[in-house]
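Here is the structure we will look at.
Just follow the structure's listing: the first ligand is 1, and inside any ligand the first atom is 1.
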Amino acid sequence: MKTTRRKFLTSVSMLAATTAFPINVFEFGKKEKLKVALVGTGIRGTSFWGKRLVDEYSDILEFVGLCDVNEGRLSYAQEYIGTKCPLFLDFDQMLKDAKPDLVIVTTVDATHHEFIVKGLKAGIDVLTEKPLTTDEDKAQQIIDAEKSSGKSLIVGFNYRWSPYSTKIKELIASGTIGEITSVDFHWYLNTYHGASYFRRWHGLVNKGGSLWVHKSTHHFDLLNWWIDSDPEEVFAYGDLEHYGKNGPFRGANCRDCSFKDKCEYHFDITKNKRLMDLYVANENFDGYIRDNCLFRDEIDIYDKMSAQIKYANNVTVNYSLTTYSPFEGWRIAFNGTKGRIEAALDIPYHQNTAISQEALHAKEMDQNAMEEAETESIIVHKLWSDFETVKVPVEKGGHGGGDKRLHNKIFKTPTEKDPYDRSAGIRDGIMSVLIGIGARKSIESGKPIAISELTALEPSVKRLK
Ligand SMILES: NC(=O)c1ccc[n+]([C@@H]2O[C@H](COP(=O)([O-])OP(=O)(O)OC[C@H]3O[C@@H](n4cnc5c(N)ncnc54)[C@H](O)[C@@H]3O)[C@@H](O)[C@H]2O)c1
């Protein structure tokens, strides 16, 4: 299907239509391309929201500005993305000079709110990477800004768009096991992917809100979408027992570390040209070390996390996140009034094959990974019956195939109705981060946290669109 600017704009409005707040209707009918400005020219900004947009959608959009606090990374980004648009170290200046139709936010998580609020207040629509934000005060600022601006906010929840997640949604929504009553959900990050968070800015609560927010926002969004209700209360435990101060030794960075031969987590960034060009070549501008020591003392996030979540429709969830598992994968089970659904991805014992966890991590992170004709199973076990196995074709690259489907929805098939309701707006973004923020507060206080105490949003028995 030929994509036009009008179709793109309609799609953005439709995506934003999942919000409970008034949505902006874009100015239709302009002849020129959609003007896009991006803030945060790191790995996600330059690849998925940068180069891929130029490569796939240049017929309807053009970059009019790139912004980052790191001057060197900004110049590299311009070349990598393949645009000649102006570069800005100052976001306000970019809005003033570049006059974008849409701002894409791909900065460090704790700074998202600043650009979302400024963009909305300047009368510009905003698309942000997850997590929407990292604490409840920033969440409220975003709610207020969207309400008063009348502009739209889209949250890039790509996990909903993977065929496997979508199949689970389809099975639940069609009443296969009746009404859902409780859920067990456990996510295992391996010693490549899990460890990588502790090397980077993600290891600090004041940058990424901890993995309760940075990572679990994906999982909580899936839960909210599958269960189709809002979270009401969360109680959590968590600790840092493996990485950070617990390590037996530490160095300034992996490259120059004197424990290279001893450390099982040693990561040789010099073998990866893209990471060298993006980060190491630009360390002198901001001091950010991409191959930082995952045993450094300043790390203050949890590496094991466990929560119970009660939903407004009375569904109860047991959730956990592990960051040093020998394999990467997840399991979920839904108990319903008429039976049970069990799903699991990437559990090596299910495949009965040896999987290189390093190769798996590299493939997962690759936006352009080749699609493979693999299937994974979902078990549907109705009460008083034998179980059935539902086979789902799956992809490994680009977050289970979710990345490219999210883009295609926005840019290629905007007017098609989505029976699975996969588009996410501000309310979805906020509800998913509030569970993680509540979990952090629960660990600190030792008490359950009511989601309604955190912002002005009241949990709804049926998820609001
Ligand atoms: N949806 C997904 O699956 C997915 C995957 C990866 C990353 N992300 C999200 O994308 C965002 C970026 O992550 P990343 O891995 O690219 O990180 P990164 O460290 O590679 O990039 C972040 C960039 O933001 C810049 N920056 C930081 N503070 C800034 C400020 N105040 N003003 C302007 N620029 C600033 C940094 O200099 C850096 O270039 C994060 O929010 C992350 O959660 C989402």
Can a side-chain donor-acceptor contact be found between [Y] and [X] if the only test is distance below 3.5 angstrom?
X: Y288; Y: E283; result: no
X: H242; Y: N246; result: no
X: S216; Y: Y319; result: yes

Please indicate whether any nitrogen or oxygen in [X] is less than 3.5 Å from any nitrogen or oxygen in ligand 1.
X: D403; answer: no
X: N158; answer: yes
X: R73; answer: yes
X: W201; answer: yes

Any [X] heavy atom less than 4.0 Å to ligand 1:
X: A77; result: no
X: R290; result: no
X: H218; result: yes

Under 4.0 Å from any heavy atom of [X], which atoms of ligand 1 are there?
X: H214; result: 42 (C), 43 (O)
X: T41; result: 39 (O)
X: P131; result: 43 (O)

Nearest protein heavy-atom contact for [atom]: which residue, which atom, what distance?
atom: atom 22 (C) of ligand 1; value: T106 O, 3.9 Å
atom: atom 11 (C) of ligand 1; value: T107 O, 3.5 Å
atom: atom 41 (O) of ligand 1; value: D109 OD1, 2.5 Å
atom: atom 6 (C) of ligand 1; value: R44 CD, 3.5 Å
atom: atom 10 (O) of ligand 1; value: E129 CG, 3.4 Å
atom: atom 20 (O) of ligand 1; value: Y279 OH, 2.4 Å
atom: atom 31 (N) of ligand 1; value: F115 CZ, 3.7 Å
atom: atom 34 (N) of ligand 1; value: V69 N, 3.4 Å

Pair listing, salt bridge (Lys or Arg N to Asp or Glu O under 4.0 Å) test, anchored in residues 81-99, at least two apart: D92-K118
From T217, I43, V39, T134 - option closest to atom 15 (O) of ligand 1 by heavy atom: I43
Option set D68, L38, N70, criterion heavy-atom distance to atom 39 (O) of ligand 1, minimum: D68
Does the side chain of [Y] come within less than 4.5 Å of [X]'s, by heavy atoms?
X: R427; Y: R463; answer: no
X: D346; Y: E376; answer: yes
X: I43; Y: L278; answer: yes

Trace of the side-chain contact (heavy atoms from CB on, under 4.5 Å) decision for I435 with N224: CA-CA 10 Å; I435 302 177; N224 297 349; 3.6 Å; yes
Partners meeting ring-ring contact (aromatic ring centres under 6.0 Å, His included) with H214 (sequence neighbours left out): Y197, W201, H202
Under 3.5 Å: donor-acceptor pair, side chain of D303, backbone of Y243: yes
Partner of D291 by side-chain hydrogen bond (donor to acceptor under 3.5 Å, both in side chains), out of R199, R200, R255: R255
Derivation and outcome, side-chain contact (heavy atoms from CB on, under 4.5 Å), residues I332 and W187: CA-CA 9 Å; I332 195 158; W187 200 284; over 6 Å; no
